[in-house]
Amino acid sequence: MTDAQIGLVIATPVIVIFAFALYRMGVLQRYSTVSAVAFSVVIAAILFTQQG
């Protein structure tokens, strides 16, 4: 794996955990949390596959 792929593997779960933490604190609504998680996973997957 390249350095960029390792960064994506580390950063994406952090973004997901942070989004859920903000949801639990009442900062984000359910739709916003689902959108943030879905978009971050999709973007990370696309970038991960392009970093070959």
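Since this is a predicted model, take the numbers as computed values, not measurements.
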Nearest non-hydrogen partners of [X] and [Y], listed with the distance:
X	Y	value
Ala19	Leu28	O-CD1, 3.9 Å
Gln5	Phe48	NE2-O, 3.0 Å
Val16	Ser40	CG2-OG, 4.1 Å

Q | Short side-chain to backbone donor-acceptor contact, Thr49 and Ile46, under 3.5 Å | A | yes
According to a 4.5 Å side-chain heavy-atom criterion applied to Ile, Leu, Val, Met, Phe, Trp and Tyr, with indirect links allowed, do [X] and [Y] form part of one hydrophobic cluster?
X	Y	value
Ile6	Ile43	yes
Phe18	Met25	yes
Met1	Leu47	yes

**Q.** Leu8 side, atom CG; Ile15 side, atom CD1 - distance, nearest 0.5 Å
**A.** 9.0 Å
Q.
Rounded at 0.5 Å granularity, tell me how far CD in Gln29 sits from OG in Ser35.
A. 10.5 Å
